[in-house]
Amino acid sequence: MKLTYLAPIAVVTALLGSAAFAQETMNGVQLDALVTGNTLYVEIPAGAPGAPDGGTAPIYYGVDGAAAAQLPGGPKLTGTWALDGDRYCIDWDNGPQNSCTQLMRSADGFVVMDAALGEPRGVVTRITVGNPEDL
C-alpha cells in the first residue's frame with residue numbers, strides 16, 4: 001500500500017523539484033505527465049485573443065488526443081492535440097491551427113508560452129485530473 005503513495009510523490013518531486021530554481025522549459029516527459037488526460041485552468045490576461053476581458057480558460061487534453069477549451073466569455077473550442085518535443089500543439093476545429101505551447105516552470109508556477117512567438121499566454125492556476133468541466 002505504501003508504494004501507491006510513493007509513486008505520486010516521486011512524480012510530483014521530479015516535476016516540481018526544489019523551490020529554488022530558475023525558469024525552465026518543461027520537457028516532453030514532464031508535459032506528458034502534466035497534460036495528458038487532465039484539465040489545465042489557465043488564467044488569461046485581458047486583451048488576449050479570444051479573451052478580451054481576460055479570465056480563466058479550462059483546457060482539457062484527452063488521452064485519445066482530443067482537446068477542448070472554454071474561453072472566458074467566448075466560444076468553446078474543440079480539436080486535437082499532440083506532444084511535439086518540449087511543446088504540445090493543438091489543431092482547433094473552430095480556431096487556430098498548429099497552435100503550439102510550451103510550459104515554463106518558475107518559482108510562481110507554470111507559465112503558458114506561445115512556442116512560435118516566445119510570449120506568455122497565461123498562467124496555469126490549477127491542474128485537475130480528467131474533464132470535470134465536461135468539455
**Student:** Go through Leu77 and Leu71 one step at a time and tell me if the side-chain contact (heavy atoms from CB on, under 4.5 Å) criterion holds.
**Tutor:** CA-CA 8 Å; Leu77 300 176; Leu71 297 179; 4.1 Å; yes
**Student:** Are the side chains of Pro72 and Asp53 in touch, meaning some heavy atoms are under 4.5 Å apart?
**Tutor:** no
**Student:** With heavy-atom distances below 4.5 Å as the criterion, would you say the side chains of Gln102 and Tyr88 are in contact?
**Tutor:** no
**Student:** Compare all side-chain heavy atoms of Leu103 with those of Leu34 and state whether any distance is below 4.5 angstrom.
**Tutor:** yes
**Student:** Walk me through it: do Tyr61 and Leu40 pass the test side-chain contact (heavy atoms from CB on, under 4.5 Å)?
**Tutor:** CA-CA 8 Å; Tyr61 301 90; Leu40 276 61; 4.1 Å; yes
**Student:** Return the minimal non-hydrogen interatomic distance between Ala67 and Ile90, and the atom names on each side.
**Tutor:** CB-CG2, 4.1 Å
**Student:** Distance from Thr25 atom OG1 to Asn27 atom CG, nearest 0.5 Å?
**Tutor:** 9.5 Å
**Student:** I want to check something: taking the side chain as every heavy atom from C-beta on, are Val112 and Val124 in contact at a cut-off of under 4.5 Å?
**Tutor:** yes
**Student:** Looking only at side chains, do Tyr60 and Gln70 share a donor and an acceptor under 3.5 Å apart?
**Tutor:** no
**Student:** Return the minimal non-hydrogen interatomic distance between Pro58 and Glu133, and the atom names on each side.
**Tutor:** CB-CG, 3.8 Å
**Student:** Regarding Thr125 and Glu43, do their side chains bring together a donor and an acceptor under 3.5 Å, going by distance alone?
**Tutor:** no
**Student:** Say whether Thr101 and Arg87, considering side chains only, have a donor N or O and an acceptor N or O under 3.5 Å apart.
**Tutor:** no
**Student:** Answer yes if Ile44 and Met104 sit in the same cluster of Ile, Leu, Val, Met, Phe, Trp and Tyr residues linked by side chain heavy atoms under 4.5 Å apart, and no otherwise.
**Tutor:** no
**Student:** Under a single-linkage definition using a 4.5 Å side-chain heavy-atom cutoff for Ile, Leu, Val, Met, Phe, Trp and Tyr, are Ile127 and Tyr41 assigned to the same hydrophobic cluster?
**Tutor:** no
**Student:** Go through it in stages, so that I can follow the logic: the residues are Leu83 and Asp32, the test is side-chain contact (heavy atoms from CB on, under 4.5 Å), and I'd like the CA-CA distance, side-chain angles, deciding distance and then a yes or no.
**Tutor:** CA-CA 7 Å; Leu83 290 172; Asp32 189 27; 3.6 Å; yes
**Student:** Report yes if the side chains of Ser99 and Trp92 come closer than 4.5 Å at any heavy-atom pair, otherwise no.
**Tutor:** yes
**Student:** Would you check, one step at a time, whether the test side-chain contact (heavy atoms from CB on, under 4.5 Å) holds for Ile59 with Trp81?
**Tutor:** CA-CA 11 Å; Ile59 308 169; Trp81 77 280; over 6 Å; no
**Student:** Any side-chain heavy-atom pair from Asp91 and Asn98 closer than 4.5 angstrom?
**Tutor:** yes
**Student:** Over all heavy atoms of both residues, which pair between Gly37 and Val63 is shortest? Give the atoms and the distance, please.
**Tutor:** CA-CG2, 3.7 Å
**Student:** Can you tell me if Asn94 uses its side chain to pair, donor with acceptor, with the backbone of Gly79 under 3.5 Å?
**Tutor:** no
**Student:** How long is the gap from NZ on Lys76 to CG on Leu135, to the nearest 0.5 Å?
**Tutor:** 5.5 Å
**Student:** Give a yes or no on whether Phe110 and Met113 share a hydrophobic cluster (residues Ile, Leu, Val, Met, Phe, Trp, Tyr; joining criterion: side-chain heavy atoms under 4.5 Å apart).
**Tutor:** no
